[in-house]
Amino acid sequence: MTLTPARTAATPFPDGFLWGASTTAHQIEGSNVNSDWWRKEHDPPAKIAEPSLDACDSYHRWEQDMDLLAELGFTDYRFSVEWARIEPARGYFSRAEIAHYRRMVEGAIVRGLRPMVTLYHFTIPQWFADLGGFTADGAVALFARYVEECAPIIGEGVTHVGTINEPSVIAAMAGLANRGEQGFPPAGLPFPDEETMHALIAAHHTTNRAVRAINPDIHVGWTISNQVYQALPGAEEVTAAYRAPREDVFIKAARGDDWIGVQSYTRTKIGADGPVPVPADAERTLTGWEYYPEAVSRAIRHTAELTGPSTPLIVTENGIATGDEQCRIDYCAGALDAVAACLKDGIDVRGYLAWSALDNYEYYEYYEWGTYKATFGLIGWDRETFVRPPEPAAHWLGGLGRERVLPRL
Ligand code: BGC
C-alpha cells in the first residue's frame with residue numbers, strides 16, 4: 001500500500017518554521033487527580049463517557065514520546081504544564097513537579113525539539129474551581145502567581161509560551177454551566193459567559209507580561225479555536241454577529257502578541273436562523289465533525305485579517321480523529337496544501353503543529369471530554385501495555401520535517 005499521496009513540487013519551509021505535534025497534560029499524562037476534570041470524570045451525574053485514568057502515561061513516558069517525535073523528523077513539541085500538579089493546594093507550589101516539567105523542557109532541547117509550553121489547557125486545580133474559577137475575586141492574580149512560579153520551567157531555552165488554550169471554548173463551557181444547560185447545541189458553540197470571556201482576556205494580557213518579565217526572549221501568545229463559520233447566502237450579517245463573541249473577540253485580543261495560535265479542524269455553516277447541523281450524508285470524522293481539510297486555511301486567513309500583518313501565525317493544532325491512516329494522511333496533505341497556499345499569498349505563517357502527537361483523552365459529542373475512541377494520534381498506544389507504535393501518518397508527516405518541505409505547490 002502506498003501511503004504517501006502523489007505530490008510533485010514542494011514548498012520549502014520558511015526559515016525557522018516550526019514543525020511539530022501538540023499534546024496537553026490532562027489528555028496524555030494520566031492521574032491528574034487534583035484537577036477539576038478528574039473530579040468531574042468521577043461524578044456520576046456529569047455522565048462522562050469514561051474517566052481519563054492513566055491516559056497513555058506520558059507523565060512517566062515523556063522521554064519515549066519525545067524520542068519518537070525527534071526520530072520521526074519533528075523539530076517542535078507543544079505540551080502543557082499542569083497547574084493542578086504544580087499548585088495542588090492554594091499557595092503550595094510543588095518543587096518536585098516544577099523540576100519534572102523542567103526536565104521535560106531540557107529533555108526536548110537535547111533531542112532537538114523546540115519546546116512550546118502551554119500554561120493552561122482546559123484543566124484547573126480543584127481548589128481554583130471551588131473558588132469559582134476565573135470569575136472569582138482575585139482569580140486573575142492567582143493565575144498570574146502560578147505563571148510566575150513557572151519561571152524555573154520556562155526561564156531558559158523555551159522559545160514559545162502559550163498562556164491559555166482556546167479561551168472561547170472555556171467561556172462557552174462556562175456559559176453552558178451558568179445557564180444550567182446540558183450538552184452542546186447540535187451545531188455551533190454555546191453563547192459564552194461574558195464575565196469569563198473578559199476575565200480570560202485579562203488573564204492572558206497579565207500573564208503575557210509576566211512571561212516576558214521571566215525572559216523577554218520568549219515568544220508569548222495564545223491559541224484560539226477557529227470554527228470556520230461560513231455564511232449561507234444572505235446570512236453574512238448573522239454569521240458576523242454569531243462569530244464576534246465566540247471567536248473574534250479572542251483573536252483581536254492577540255493583537256500585539258508575539259504570535260497567535262490557529263487551531264481548526266472543521267467548519268460550521270450559518271444560515272438566517274443560526275448554525276446549521278452537518279447534513280446526514282456529509283463525510284464525518286470520529287468526533288462527528290465534518291471532514292473538511294480546507295478548514296485550516298480559512299482559519300488562517302480569517303485570523304490574519306483580524307490581527308493584521310504584525311502578528312505572526314502558528315498552526316498550533318490541526319488534525320483528524322480517524323482509525324484510517326490513509327484518511328489521516330489525506331486530511332493532513334489537504335491541510336498542508338492550504339497552509340502552503342497561505343504562505344504563497346504572503347501570510348506570515350510560522351509553523352504547523354499537528355494534533356496530536358498521541359492518541360489521547362478526547363472529545364465526544366462535540367466539545368465535552370472524554371473518550372479514548374476519537375483517535376487523533378500520530379502515535380497510537382496499547383491500553384494494557386502502553387506500547388506506542390507510530391502510525392503511518394507519523395512517518396509521512398515527520399519525513400516532511402526532515403526534508404523541510406511542505407507537500408506541494
Ligand atoms: C483542543 C484539544 C482537543 C482538540 C481535538 C482542541 O479544541 O485544544 O484539547 O483535544 O481540539 O478535539
Side-chain angles (χ1 to χ4, degrees), residues 20-29 32 35-37 40-41 48-50 52 55-56 58 77-84 116-124 162-174 176 184 188-190 192 200 204 221-229 246-247 250-251 260-268 284-293 295-296 299 303 314-323 328 331-332 335 352-379 393:
S22 294
T23 61
T24 180
H26 189 78
Q27 291 174 265
I28 59 164
E29 283 183 344
N32 188 14
S35 68
D36 61 334
W37 262 92
K40 191 169 173 179
E41 290 163 21
I48 302 297
E50 57 179 318
S52 57
C56 54
S58 199
Y77 181 40
R78 172 175 174 242
F79 58 92
S80 72
V81 293
E82 180 58 50
W83 186 4
M116 172 185 271
V117 176
T118 307
L119 297 166
Y120 163 35
H121 192 128
F122 291 161
T123 41
I124 51 177
T163 58
I164 300 174
N165 180 70
E166 297 195 346
S168 57
V169 174
I170 302 168
M173 301 276 281
L176 203 65
F184 269 60
L189 283 182
L200 292 171
H204 169 60
W222 68 349
T223 49
I224 307 298
S225 162
N226 194 302
Q227 301 299 319
V228 185
Y229 295 113
R246 288 175 177 80
E247 194 164 292
F250 299 102
I251 296 175
I260 178 168
V262 177
Q263 315 202 143
S264 77
Y265 295 88
T266 187
R267 65 175 164 187
T268 305
R284 286 164 192 264
T285 69
L286 290 177
T287 39
W289 302 342
E290 184 186 354
Y291 178 87
Y292 189 62
V296 68
T303 305
I314 302 172
V315 177
T316 39
E317 286 184 25
N318 175 248
I320 178 170
T322 180
R328 193 186 311 284
Y331 179 93
C332 292
Y352 178 91
L353 291 97
W355 186 268
S356 175
L358 293 135
D359 284 341
N360 62 71
Y361 191 60
E362 266 297 343
Y363 292 142
Y364 72 106
E365 290 176 8
Y366 223 74
Y367 274 105
E368 277 259 286
W369 285 339
T371 179
Y372 287 107
K373 289 190 183 132
T375 43
F376 277 92
L378 297 173
I379 301 169

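Remember, it's 1-based here, ligands and their atoms both numbered in the order they're listed. Just so you know, these numbers use all the heavy atoms, side chains as well, and skip hydrogens, waters and symmetry mates.
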Any side-chain heavy atom of E166 within less than 4.5 Å of one from Q263? yes
So is N165 close enough to ligand 1, meaning a heavy atom under 4.0 angstrom away? yes
Do any N/O atoms on N360 end up under 3.5 angstrom from N/O atoms on ligand 1? no
Below 4.0 angstrom from a heavy atom of E362, which ligand 1 atoms are there? Numbered from 1 as shown, please. 3 (C), 5 (C), 10 (O), 12 (O)
Only one of T24, T118, N165, T123 passes side chain to side chain donor-acceptor pair (under 3.5 Å) with S80, and that residue is T24
By number and element, which atoms of ligand 1 are closer than 4.0 Å to a non-hydrogen atom of Q27? 2 (C), 3 (C), 9 (O), 10 (O)
H121 heavy atoms, cut-off 4.0 Å: which ligand 1 atoms fall inside? 1 (C), 2 (C), 8 (O), 9 (O)
Ignoring angles and geometry beyond distance, decide whether T287 reaches within less than 3.5 Å of ligand 1 through its nitrogen or oxygen atoms. no
Do the rings of W37 and H26 sit parallel, tilted or perpendicular, given the 30° and 60° boundaries? tilted
Give the atoms of ligand 1, by number and element, whose distance to some non-hydrogen atom of Q263 is under 4.0 Å. 8 (O)
Under 3.5 Å, is there a donor-acceptor pair between the Y265 and S225 side chains? no
Using the ring-ring contact (aromatic ring centres under 6.0 Å, His included) definition, which of the options F122, F376, Y372 pairs with Y361? Y372
Mind checking whether Y331 and Y291 have parallel, tilted or perpendicular rings, split at 30° and 60°? perpendicular
The atoms of ligand 1 lying under 4.0 Å from a heavy atom of W289, numbered in the order shown, are 12 (O)
Tell me whether E317 is salt-bridged to R78, with the criterion being a basic N under 4.0 Å from an acidic carboxylate O. yes
Closest to atom 4 (C) of ligand 1 (heavy atoms only, candidates F376, Y361, Y265, W369) is Y265
